[in-house]
Amino acid sequence: MEGPQENAEDELILSSLPREMGWAIPDLYLFQQFWCPSILIKEVNIFQKQFEAKDSDIFVASFPKSGTTWLKAITFAIVNRQCFSSIHNHPLLTSNPHQLVPAVEFMYRGDIHCPTTEPRVFGTHTPFPSLPNSIIESKCKIIYICRNPFDIFVSAWTFFDKIKLEPLSTLKIEEAFEKYCNGIIEFGPWWSHMVGYWKESLAKPNKVLFLKYEDLKDDANFQVKKIADFLGFPFTQEEENNQVIESIIKLCSFEKMKNSEVNKSGIIYQFLEKKYFFRKGETRDWVNYFSPSMTEKLCKIIEEKFGGSGLSFMI
Ligand code: PPS
């Protein structure tokens with residue numbers, strides 16, 4: 001518990017930071033060059049200062065609404081496949097992926113606990129430059145999932161509206177889009193988030209694996225094998241013959257997860273309804289929401305922010 005002096009210091013630090021209204025969280029502060037939700041600043045600080053990574057740790061990193069839940073499920077299923085070989089008694093049928101693979105930012109809030117078995121698998125929305133040194137310096141691995149910025153926008157706009165905290169009211173799509181184009185969104189700007197992990201994946205391909213939601217949709221079998229190889233848990237020929245990859249894909253599929261009783265009701269992280277993590281699970285749903293001028297504007301921003309980085313999106 002913090003005393004009055006620490007609270008006063010926290011307040012003083014916050015009051016010196018640029019502030020904007022969030023989409024779901026009333027206040028976002030520009031903290032270490034990203035828009036950090038006020039309720040998580042203390043947690044991100046503790047994470048940076050206290051987290052001790054183990055060489056065997058695995059981090060599923062992402063910008064919100066990029067496919068985190070899906071990749072958490074797949075990663076958990078890959079690394080624990082010896083313990084839970086039967087699809088009928090798998091923990092993913094009785095727990096939400098965010099309970100099995102906790103977000104480090106929420107781990108210091110009380111209702112989510114640090115995994116007790118190794119390899120420990122964690123999630124994080126923290127941008128690469130703000131990760132604790134022990135993650136950078138240890139041999140732990142990071143898998144980043146990236147999604148095209150058009151679908152992220154729609155997914156975020158619909159999701160944040162459902163989970164928004166008082167006193168926020170519904171953001172019109174035009175208002176949300178304006179903020180999005182300025183990078184003002186929980187954990188934004190989205191472009192620097194993606195480019196940060198992208199560059200690190202190029203510099204250290206054994207440390208950071210960069211995946212795209214669209215590629216996972218397109219050829220899950222190939223991507224699941226790639227993840228397993230990267231993590232040092234490759235599938236044996238016997239496993240391949242026994243359709244182990246296919247059963248992991250099926251277990252983690254959108255339909256299976258959305259329709260699983262455990263994901264239909266209840267909350268996690270103290271305020272998030274589990275059912276809202278599963279909406280359509282498709283690519284290109286953005287065409288149903290974007291006007292021609294929005295499309296043109298976002299294309300320009302993508303060109304400006306990603307040009308020369310080598311990172312591109314199939315629009
Ligand atoms: S969060 O809040 O950051 O953890 O959200 P995140 O999981 O990153 O993104 C949510 C979007 O991913 C879709 N989703 C899936 N797609 C494919 N397969 C599976 N299993 C799956 N689970 C969740 C979810 O529906 C959100 O996308 P949209 O476009 O809104 O449907």
Side-chain angles (χ1 to χ4, degrees), residues 22-25 34-35 37 40 59-78 90 92-93 95-107 112 121-127 143-164 173 176 180 185-188 190 193-194 197 211-221 223-224 227 247-260 262-264 267-290:
W23 299 31
I25 309 295
F34 73 98
W35 289 105
L40 295 179
F59 288 82
V60 170
S62 59
F63 188 76
K65 313 322 290 175
S66 302
T68 323
T69 314
W70 190 15
L71 184 60
K72 281 183 174 185
I74 290 174
T75 306
F76 181 89
I78 289 175
H90 202 283
L92 280 164
L93 299 174
S95 299
N96 176 276
H98 293 281
Q99 292 168 303
L100 299 170
V101 179
V104 281
E105 297 84 13
F106 285 91
M107 225 166 55
I112 294 281
V121 190
F122 299 97
T124 186
H125 287 319
T126 297
I143 317 175
Y144 186 80
I145 184 149
C146 181
R147 191 180 191 187
N148 86 72
F150 286 79
D151 282 326
I152 291 186
F153 171 74
V154 171
S155 186
W157 180 58
T158 49
F159 175 77
F160 285 139
D161 186 54
K162 292 186 193 118
I163 63 149
K164 64 185 177 305
I173 193 164
Y180 192 66
I185 176 171
E186 283 75 351
F187 294 97
W190 42 272
H193 202 285
M194 294 170 183
Y197 281 96
L211 301 177
K212 290 184 180 162
Y213 181 94
E214 294 75 19
D215 293 340
L216 204 49
K217 272 274 179 201
D218 196 40
D219 191 347
N221 196 296
Q223 300 295 329
V224 167
I227 297 168
S247 31
I248 289 178
I249 292 169
K250 196 169 165 203
L251 178 70
C252 302
S253 69
F254 181 76
E255 293 69 30
K256 180 86 183 165
M257 302 205 83
K258 186 182 169 89
N259 295 321
S260 169
V262 67
N263 292 320
K264 282 187 184 167
I267 59 166
I268 47 169
Y269 302 140
Q270 295 171 335
F271 73 109
L272 296 178
E273 285 211 46
K274 287 187 267 179
K275 63 179 181 214
Y276 294 145
F277 286 94
F278 309 92
R279 191 184 62 100
K280 282 197 177 172
E282 290 169 4
T283 51
R284 286 184 60 76
D285 185 39
W286 65 271
V287 296
N288 299 313
Y289 294 81
F290 271 64

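Each ligand, and each atom within it, is numbered from 1 in the order the structure gives.
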Checklist outcome for this item: Candidates Pro64, Ser155, Ala220; heavy atom nearest atom 26 (C) of ligand 1 found on Ser155
Checklist entry - Where is the nearest protein heavy atom to atom 5 (O) of ligand 1: which residue, which atom, and how far? => result Lys65 NZ, 3.0 Å
Checklist entry - Of the backbone atoms (N, CA, C, O) and the side-chain heavy atoms from C-beta on, which set of Ser66 has a member under 4.0 Å from an atom of ligand 1: side chain, backbone, both, or neither? => result backbone
Next on the checklist: Which residue in the set Pro97, Ser95, Pro102 passes side-chain contact (heavy atoms from CB on, under 4.5 Å) when paired with Gln99?
Outcome noted: Ser95
Checklist entry - Does the ring center of Phe159 lie less than 6.0 Å from the ring center of Tyr276? => result no
Checklist entry - Which atoms of ligand 1 have any heavy atom of Lys280 under 4.0 Å away? => result 25 (O), 31 (O)
Checklist entry - Checking Lys217 against Trp70: charged group under 6.0 Å from the ring centre and within 45 degrees of the axis? => result yes
Checklist outcome for this item: Honestly, for Cys252 the part within reach of ligand 1 (heavy atoms, under 4.0 Å) is backbone
Item to check | Asp151 with Lys65: basic N within carboxylate O range, under 4.0 Å | outcome: no
Next on the checklist: Between ligand 1 and Arg147, can you find any atom pair, the residue atom being a heavy atom, that is separated by under 4.0 Å?
Outcome noted: yes
Checklist entry - For ligand 1, which atoms sit closer than 4.0 Å to a heavy atom of Ser253? => result 20 (N)
Item to check | Phe290-Phe153 aromatic ring centre distance below 6.0 Å | outcome: yes
Checklist outcome for this item: Here the gap from Ser62 atom OG to Met194 atom CE, rounded to the nearest 0.5 Å, amounts to 10.0 Å
Checklist entry - How about His193 and Tyr144: are their ring centres within less than 6.0 Å of each other? => result yes
Next on the checklist: Just to confirm my output: which protein heavy-atom neighbour is closest to atom 15 (C) of ligand 1, and how far is it?
Outcome noted: Phe254 CD1, 3.6 Å
Next on the checklist: Aromatic contact between Phe63 and Phe187, with the criterion being ring centroids under 6.0 Å apart: yes or no?
Outcome noted: no
Next on the checklist: Check contact between His98 and ligand 1, using heavy atoms of the residue and a distance below 4.0 angstrom.
Outcome noted: yes
Checklist entry - Does the distance from a Lys or Arg side-chain N to an Asp or Glu carboxylate O, for Glu273 and Lys275, drop under 4.0 Å? => result yes
Checklist entry - Under 4.0 angstrom from ligand 1, any heavy atom of Tyr213? => result yes
Checklist outcome for this item: If we number the atoms of ligand 1 from 1 as shown, the ones under 4.0 Å from a heavy atom of Phe278 are 22 (N), 23 (C), 25 (O)
Checklist entry - Of all the atoms in ligand 1, which lie at a distance below 4.0 Å from a heavy atom belonging to His125? => result 3 (O)
Next on the checklist: Measuring from non-hydrogen atoms of Gly67 to any atom of ligand 1, is the shortest distance under 4.0 Å?
Outcome noted: yes
Checklist entry - For ligand 1, is there an N or O atom under 3.5 Å from any N or O atom of Thr68? => result yes
Next on the checklist: When you compare the side chain of Glu186 with that of Trp35, does any pair of heavy atoms fall below 4.5 Å?
Outcome noted: no
Checklist outcome for this item: Numbered in order shown, the ligand 1 atoms found under 4.0 Å of a heavy atom of Gly281 are 16 (N), 25 (O), 28 (P), 31 (O)
Checklist entry - Can you tell me the protein heavy atom closest to atom 23 (C) of ligand 1 and the distance? => result Phe277 O, 3.3 Å
Checklist entry - If we only count N/O pairs under 3.5 Å, is Lys217 in contact with ligand 1? => result no
